[in-house]
Amino acid sequence: MTQSPLTLYLAAPRGFCAGVDRAIKIVEMAIEKWGPPVYVRHEIVHNKFVVDSLKDKGAIFVEELDECPNERPVIFSAHGVPKAVPAEAAKREMIYVDATCPLVSKVHIEAERHHADGLQMVMIGHAGHPETIGTMGQLPEGEVLLVETPEDVAGLEVRDAEKLAFITQTTLSVDDTVDVIAALRARFPTIVGPHKEDICYATTNRQAAVKAIAAHIDALLVIGAPNSSNSQRLVEVGRANGCTYSQLVQRATDIDWRALDGITNVGISAGASAPEVLVNEVIDAFKARFNVTVELVETAQENIEFKVPRVLRQPHVG
């Protein structure tokens, strides 16, 4: 039986960003330096495959610091943590390594600077997401108000409409954020914003690559985890830009082949915490069923690298 032809449009950039790369490296280097087990507060990045492979190497994932013993090192996830967490670790004299993405730390510093200037913060982000919790936890209770949609802006109760600044979660949809910012500026004309939006380069680049292919494909598969904000946004961007069948899949085994019956082209992207090995797994699954042509659609090149904390670059004494 001859296989029907199918073109795979591979979006680039896709997959790991510099912050994710660094966070995984931090866990691996910590295990190497201090030996297993090393505790990690919250999933280091939102990807089951990555988390499972680190578990195999000796990482133990917990949700809260009180699940960690004092005598073992603990790592804080790439999403960032409230200030109270490192303060508690220091009080307990624990060894801790902060794997917060430097671009998230930049937003934390921004929030603190505005707070020092007497401004109340408005954060554009998703309620309950660890990055939002971490960023809001940099300042005292009530100093950061959360909005998700332009509608939320209308219901904001602020301390002083003349003394406001806004920040954003780094993994949001670029297009959706524009609408929320417009609503904030319309209601609070003097609100102070970042010089450049807080949405990180990797989120922006991955969304642009999906936009470039969305109108030319019958289906889009985004490889990523259900709790990965940037992966979910890629699915939404695909739908918003003309590809009605846009789906999130964690692995090749999640692909609904019946839904893809009769189609001739498929776009593939991956969230910033999805490893390339899972992309290749999906491509191989298509090759087993179709006569595949792969076309790379590259809209940007990334060469950003973040250094790991100094403590991991120093030899272990003792």
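All values reported here derive from a predicted model rather than from experimental measurement.
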With sequence neighbours excluded, tell me which residues meet ring pair (Phe, Tyr, Trp, His ring centres under 6.0 Å) with His115.
none
By the ring-ring contact (aromatic ring centres under 6.0 Å, His included) test, which pairs, at least two apart or in different chains, include something from residues 82-110?
Phe76-Tyr96
With Ile199 as partner, the option from Thr177, Thr170, Thr171 fulfilling side-chain contact (heavy atoms from CB on, under 4.5 Å) is Thr177
Polar contact flag, side-chain donor to acceptor under 3.5 angstrom, Glu302-Asn205
yes
NZ of Lys163: more than 12 outside heavy atoms within 6.0 angstrom?
no
Starting from Ile268, can I reach Val249 by hopping between I/L/V/M/F/W/Y residues whose side chains sit under 4.5 Å apart?
yes
Please determine whether the number of non-hydrogen atoms from other residues, nucleotides or ligands lying under 6.0 Å from atom CZ of Arg313 exceeds 12.
yes
Of Thr203, Asp198, Thr132, Thr135, which is the lone residue that meets side-chain hydrogen bond (donor to acceptor under 3.5 Å, both in side chains) with Gln169?
Thr132
Is there a side-chain contact between Asp256 and Tyr245 (heavy atoms, below 4.5 Å)?
yes
If you count every heavy atom of other residues, nucleotides or ligands that lies below 6.0 Å from Asp261 atom CG, does the total exceed 12?
no
List the atom of Asn241, the atom of Ala214, and the distance in Å for their closest heavy-atom pair.
O-CB, 3.4 Å
In this structure, are over 12 heavy atoms from other groups packed under 6.0 Å from Glu305 atom CD?
no
Whether the side chain of Asn280 engages the backbone of Val277 through a donor-acceptor N/O pair (distance < 3.5 Å, no angle test) should be reported.
no
Can you classify the ring geometry of Trp257 versus Phe290 as parallel (below 30°), tilted (30 to 60°) or perpendicular (above 60°)?
tilted
Are Arg92 and Asp66 ion-paired here, with the side-chain N under 4.0 Å from a carboxylate O?
no
Would you call Glu236 and Arg239 a salt bridge, taking side-chain N to carboxylate O under 4.0 Å as the test?
no
So that I can tick it off, tell me whether Arg251 and Glu281 are bridged by a salt bridge, with the cut-off set at under 4.0 angstrom between side-chain N and carboxylate O.
yes
Any chance the side chains of Asp175 and Ser173 put a donor and an acceptor closer than 3.5 Å?
no
Kindly give the heavy-atom pair with the smallest separation between Cys243 and Leu220, and that separation in Å.
SG-N, 3.5 Å
If you round to the nearest 0.5 Å, how far is CD1 of Ile217 from OG1 of Thr244?
10.0 Å
Any salt bridge linking Arg14 with Glu276? Criterion: basic side-chain nitrogen under 4.0 Å from a carboxylate oxygen.
yes
Give a yes or no on whether the backbone of Ser229 and the side-chain of Arg233 come within a donor-acceptor separation of less than 3.5 Å.
yes
Asp152 side chain vs Glu148 backbone, donor-acceptor pair below 3.5 Å:
yes
